[in-house]
Amino acid sequence: MKTWRDEIVQKFVNQPYSLLLVNDPDFLLNDEEILQRLRENGYEVIHFNDSIFIRYMYESQFREKVKRNQLKLLFFSNDENYIYFPYDFLQHGYHIELKISELFPKFSPGIVKQLDKEDFDVLYTAHKQYQGSSSDKETLEYIVKHAYKIVHELIDSEVELYKLLLSIHYAKKQLPSIVQQFLIEKLSGKNVFEGIPIKRLLTSSTYFFQYIEKQWTTFVHQLLDLQEGSVLEETPLYLAHPFSNPDVRRLMNDLFAEGYIRKIKTNVSYSFPTWMKYGVEVDEDGSLQEKIRHLQGKIMEQITSASRYKDWINIMELMAEYKCTVLDTNKQEYESEVNALFRKVNEMLEKWMIESYRSLTSLPPVPKPKMVHHIAQFLASKRGQNEKIALLVLDGMSYVQWKKIKYYLTNKGFSFEENGVFAWVPTLTSVSRQAIFAGNFPSVFSQSINTTAKEENYWKTFWENSGLLKQYVSYQKGLGKEAYKKEGIAAFKRPNIKVYGAVIDIIDQFIHGAVQGEKSLMSELQLWLNTDYLAQLLTDLHHEKFTIYITSDHGNTESVGIGRISEGVLVEQKGERVRVYTDTILFKDAAEKIGGIPWTGVGLPENYHALLAHYGQAFVNKNERIVSHGSISMEEVIVPFVKVIPSLGG
């Protein structure tokens with residue numbers, strides 16, 4: 001069956017031109033599968049958002065190949081017209097315009113433009129049956145019912161509301177704003193929902209999970225207060241509550257197991273119905289086993305169909321919850337299961353990275369960043385006129401450590417809007433952290449790719465190019481080692497600071513000193529968290545009206561040495577999980593002799609070639625166990641990007 005992607009790709013098949021300029025104001029190329037298919041058709045696809053960078057790439061890598069017809073080059077821009085392409089591109093390139101109205105001619109283009117491209121598969125099918133007008137009202141009403149499968153007329157009770165909200169937020173659907181607003185208007189007018197914060201529950205997953213956790217706590221305590229001897233399932237309280245509905249409680253069970261909602265801990269041995277025991281912790285060992293088995297099953301289920309970057313981010317979140325849970329138990333019987341599952345998942349990710357990682361580099365930074373260099377671009381595009389932004393980079397923090405940090409901060413009253421992003425490969429600080437602060441590909445900072453000395457300059461230059469004078473931008477690194485003092489934070493030294501970038505590198509220090517592996521790393525992390533350095537910093541930033549984001553440049557993984565390799569000065573950089581070469585011949589020779597994963601080309605300087613260690617291996621003394629980074633395990637390459645919300649009401 002023909003798909004919407006087929007229609008787009010068909011425009012580029014058998015084109016005789018070697019330079020194509022695509023105007024894509026509706027972000028139709030913001031799709032991994034399309035980009036992959038274009039590459040299979042011989043195109044090098046590049047997102048055009050920085051004319052200086054594009055000129056540099058064209059002159060250094062592509063001009064001669066395009067002239068000789070050895071390469072088909074496709075630049076696409078999301079601006080409304082072609083004026084931002086260089087003049088000589090416009091003279092020699094072939095122009096193609098992509099329009100959403102050509103894909104969905106019967107719908108209102110204004111409505112369709114506001115929808116997520118991930119919903120286009122079902123939208124394309126629904127469009128064929130549409131008989132209404134192209135008005136905004138009729139289009140939206142039809143799309144909500146037939147594409148999103150939400151019949152608002154049937155949502156007439158708390159049970160139906162809970163089922164809707166659970167299905168949206170647990171599946172991470174993130175309904176488009178126009179659909180959210182439509183549902184808010186329809187549902188807020190119903191008397192049955194009076195007093196329920198419909199808008200916040202629909203628009204914020206963070207708020208919803210906090211709300212549902214609070215409702216759960218109240219529900220359990222009310223049942224505990226009932227007179228002893230009561231048959232819970234027959235009480236009016238139990239019978240009337242939405243949690244008693246089979247569809248609701250089935251979805252609730254997954255939320256407890258995956259860490260979205262915290263269980264109620266109680267010493268009271270009470271005859272709760274079996275389904276409630278997922279959310280009430282009496283038998284700690286039994287609850288732990290249930291959670292671990294659930295997470296294992298969920299991960300195995302998801303890796304069978306993982307094909308896009310979002311799939312791997314979702315799997316990483318589950319893997320982090322799984323590993324963090326096991327590490328916290330300190331029970332050795334689970335370790336072999338953890339190692340086996342992580343090995344299996346990483347073998348599949350490694351294959352995906354080699355085949356599909358390149359497509360990520362062509363995706364735009366909105367509506368959400370996909371890679372760490374997108375973060376600055378995303379913040380610049382979303383920043384309000386006078387909004388103050390703070391970006392805290394916790395150097396070396398993996399998703400596993402984030403789970404521990406999140407739990408600690410949640411107990412301090414913070415909450416979060418969480419996303420994941422991909423680090424640059426190799427996952428070295430000088431590559432991936434610099435990309436964060438430069439807001440660009442590593443090939444742009446080729447002269448400093450082995451050091452972080454120019455980060456501050458890159459950070460300030462990026463914001464100056466985005467329209468903010470350098471005196472309003474601050475940068476600071478080396479944080480977290482000492483006791484917290486507000487006067488030591490650069491963001492507070494001048495009242496005119498609008499953007500603050502900071503590196504907290506204490507976790508990276510723990511990584512390189514983790515002589516007993518991940519367990520000692522997590523123990524050191526907990527001790528540091530207990531100093532309240534991070535909580536105090538976040539609190540002070542909030543009080544100074546900063547919108548706060550937390551991310552990492554790369555994660556870390558536990559590995560075992562396969563033996564040190566002696567190449568003297570032949571290798572440019574000798575990392576524990578990566579070796580970097582500037583000479584192609586030496587690189588190929590090393591790849592044959594040493595083994596590993598040859599990594600070159602994508603987004604890196606021309607003479608920068610990385611030999612990556614396979615999962616669980618490191619280029620150190622044989623059988624030496626270390627925690628390190630540099631390669632492409634999911635723990636190293638997928639990191640959190642989190643917006644910090646200081647309180648439930650904030």
Side-chain angles (χ1 to χ4, degrees), residues 32 36 303 306-317 319-320 323 339 341-363 370-374 395-400 420-436 441-443 449 508 511 518 551-562 573-581 587 590-591 594-604 608-620 626-640:
E32 288 167 90
Q36 187 68 29
I303 61 172
S307 61
R308 302 187 181 189
Y309 79 93
K310 283 188 177 179
D311 299 332
W312 290 108
I313 291 171
N314 290 338
I315 292 168
M316 182 70 252
E317 288 186 29
M319 298 283 280
K323 181 174 264 192
N339 293 337
L341 184 57
F342 267 74
R343 182 168 297 281
K344 182 178 181 63
V345 174
N346 270 295
E347 283 172 2
M348 296 181 74
L349 176 77
E350 187 177 296
K351 184 173 182 291
W352 182 88
M353 287 286 293
I354 292 167
E355 292 174 355
S356 304
Y357 177 82
R358 189 179 191 90
S359 294
L360 288 182
T361 65
S362 297
L363 293 173
K370 291 87 179 168
M371 298 187 68
V372 291
H373 76 285
H374 286 157
D395 193 328
M397 175 185 68
S398 76
Y399 244 109
V400 179
V421 289
F422 279 70
W424 271 98
V425 179
T427 48
L428 295 170
T429 302
S430 61
V431 177
S432 203
R433 201 177 84 190
Q434 268 197 112
I436 293 176
F441 286 36
S443 55
I449 200 164
D508 201 52
I511 290 168
E518 288 175 300
T551 194
S552 172
D553 51 348
H554 56 74
N556 56 82
T557 189
E558 195 169 298
S559 308
V560 176
I562 58 172
Q573 198 166 346
K574 291 170 275 191
E576 291 158 326
R577 294 260 300 148
V578 60
R579 298 172 72 78
V580 177
Y581 300 81
F587 170 62
I594 299 169
I597 306 163
W599 191 271
T600 188
V602 57
L604 298 169
Y608 191 97
H609 312 289
L611 184 62
L612 310 174
H614 285 289
Y615 182 71
Q617 299 181 350
F619 302 124
V620 298
I626 63 163
V627 179
S628 188
H629 55 90
S631 191
I632 56 171
S633 73
M634 66 191 314
E635 302 102 290
E636 294 165 291
V637 82
I638 302 174
V639 295

#### Entry: Residue pair Ser398, Glu635: steps toward the side chain to side chain donor-acceptor pair (under 3.5 Å) verdict
CA-CA 6 Å; Ser398 76; Glu635 302 102 290; over 6 Å; no

### Task
Decide side chain to side chain contact (heavy atoms under 4.5 Å, CB included) for Phe587 and Tyr608; before the verdict, give the C-alpha distance in whole Å, the side-chain angles of both, and the deciding distance to 0.1 Å.
CA-CA 10 Å; Phe587 170 62; Tyr608 191 97; over 6 Å; no

### Query
Step by step, would you call Leu611 with Val578 a side chain to side chain contact (heavy atoms under 4.5 Å, CB included)?
CA-CA 6 Å; Leu611 184 62; Val578 60; 6.0 Å; no

### Task
Evaluate the criterion salt bridge (Lys or Arg N to Asp or Glu O under 4.0 Å) for residue pair Glu518 and Lys323; output intermediate values, then yes/no.
CA-CA 10 Å; Glu518 288 175 300; Lys323 181 174 264 192; 3.1 Å; yes

### Task
Would you please test Ser559 and Gln617 for side chain to side chain contact (heavy atoms under 4.5 Å, CB included) and show each step?
CA-CA 5 Å; Ser559 308; Gln617 299 181 350; 5.7 Å; no

### Task
Under the side chain to side chain contact (heavy atoms under 4.5 Å, CB included) rule, what do Arg579 and Ile594 come out as? Steps first, then yes or no, please.
CA-CA 10 Å; Arg579 298 172 72 78; Ile594 299 169; 4.2 Å; yes

### Message
Applying side chain to side chain donor-acceptor pair (under 3.5 Å) to His614 and Glu350, what does each step give before you reach the verdict?
### Response
CA-CA 9 Å; His614 285 289; Glu350 187 177 296; 3.2 Å; yes

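With Thr551 contributing its side chain and Pro640 its backbone, the two residues share a donor-acceptor pair below 3.5 Å. At distances below 3.5 Å, at least one donor-acceptor pair connects side-chain atoms of Ser432 with backbone N or O atoms of Trp424. In this structure, Gln434 contributes its side chain and Pro442 its backbone to no donor-acceptor pair below 3.5 Å. Remark: the backbone N or O of His554 is paired with a side-chain donor or acceptor of Ser552 at under 3.5 angstrom. Side-chain atoms of Glu636 come within 3.5 Å of backbone N or O of Gly630 as a donor-acceptor pair. The closest donor-acceptor contact from the side chain of Ser356 to the backbone of Met353 lies at 3.5 Å or more, if one exists at all. Side-chain atoms of Thr600 never come within 3.5 Å of backbone atoms of His609 as a donor-acceptor pair (strictly under, hydrogens ignored). A donor-acceptor pair under 3.5 Å links the side-chain atoms of Asn346 to the main chain of Met634, judged by distance alone. Side-chain atoms of Asn314 never come within 3.5 Å of backbone atoms of Asp311 as a donor-acceptor pair (strictly under, hydrogens ignored).
Expressed to the nearest 0.5 Å, how far CD1 of Ile313 lies from CD1 of Ile638 amounts to 6.0 Å. Put simply, CG on Leu428 and CG on Asp553 are 9.5 Å apart, with the number rounded to the nearest 0.5 Å. One distance of note links CD of Gln36 with OG of Ser307; it measures 11.0 Å at 0.5 Å rounding. Between Ser362 atom OG and Glu32 atom CD the span is 11.0 Å, to the nearest 0.5 Å. Expressed to the nearest 0.5 Å, how far OG of Ser631 lies from OH of Tyr615 amounts to 11.0 Å.
Aromatic rings of Trp599 and Tyr581 (six-membered ring for Trp) have centroids beyond the 6.0 Å cut-off, not under it.
Residues Met371 and Thr361 form a side-chain contact, since some pair of their non-hydrogen atoms from C-beta on lies under 4.5 Å apart. Val345 has its side chain out of reach of Met316: every pair of non-hydrogen atoms, C-beta onward, lies at least 4.5 Å apart. Proximity of Trp352 to Tyr309: side-chain heavy atoms (C-beta onward) are separated by under 4.5 Å at one or more points. Taking 4.5 Å as the limit, some side-chain heavy atom of Pro426 sits within range of a side-chain heavy atom of Leu612. In this structure, the side chains of Tyr399 and Met319 stay at 4.5 Å or more apart for every pair of heavy atoms. Side chains of Val421 and Lys370 form no contact here, defined as non-hydrogen atoms less than 4.5 Å apart.
Pairing each heavy atom of Val620 with each of Ile626, the nearest pair is CG1-CD1, 4.2 Å. Taking every heavy atom of both residues into account, Asp395 and Arg433 meet most closely at OD2-NH1, 2.6 Å. Pairing each heavy atom of Arg577 with each of Gly616, the nearest pair is NH1-N, 3.9 Å. Shortest non-hydrogen contact noted between Ile303 and Ile315 is CG2-CD1, 3.7 Å.
Considering Val639, Val431, Thr427 in turn, Val639 is the only one that fulfils the side-chain contact (heavy atoms from CB on, under 4.5 Å) rule with Val372.
The aromatic rings of Phe441 and His373 stand perpendicular to each other, their planes meeting at an angle above 60°, with 30° marking the opposite boundary.
Of the charged side-chain nitrogens involved, none lies within less than 4.0 Å of a carboxylate oxygen, so that Lys351 and Glu347 do not count as a salt-bridged pair.
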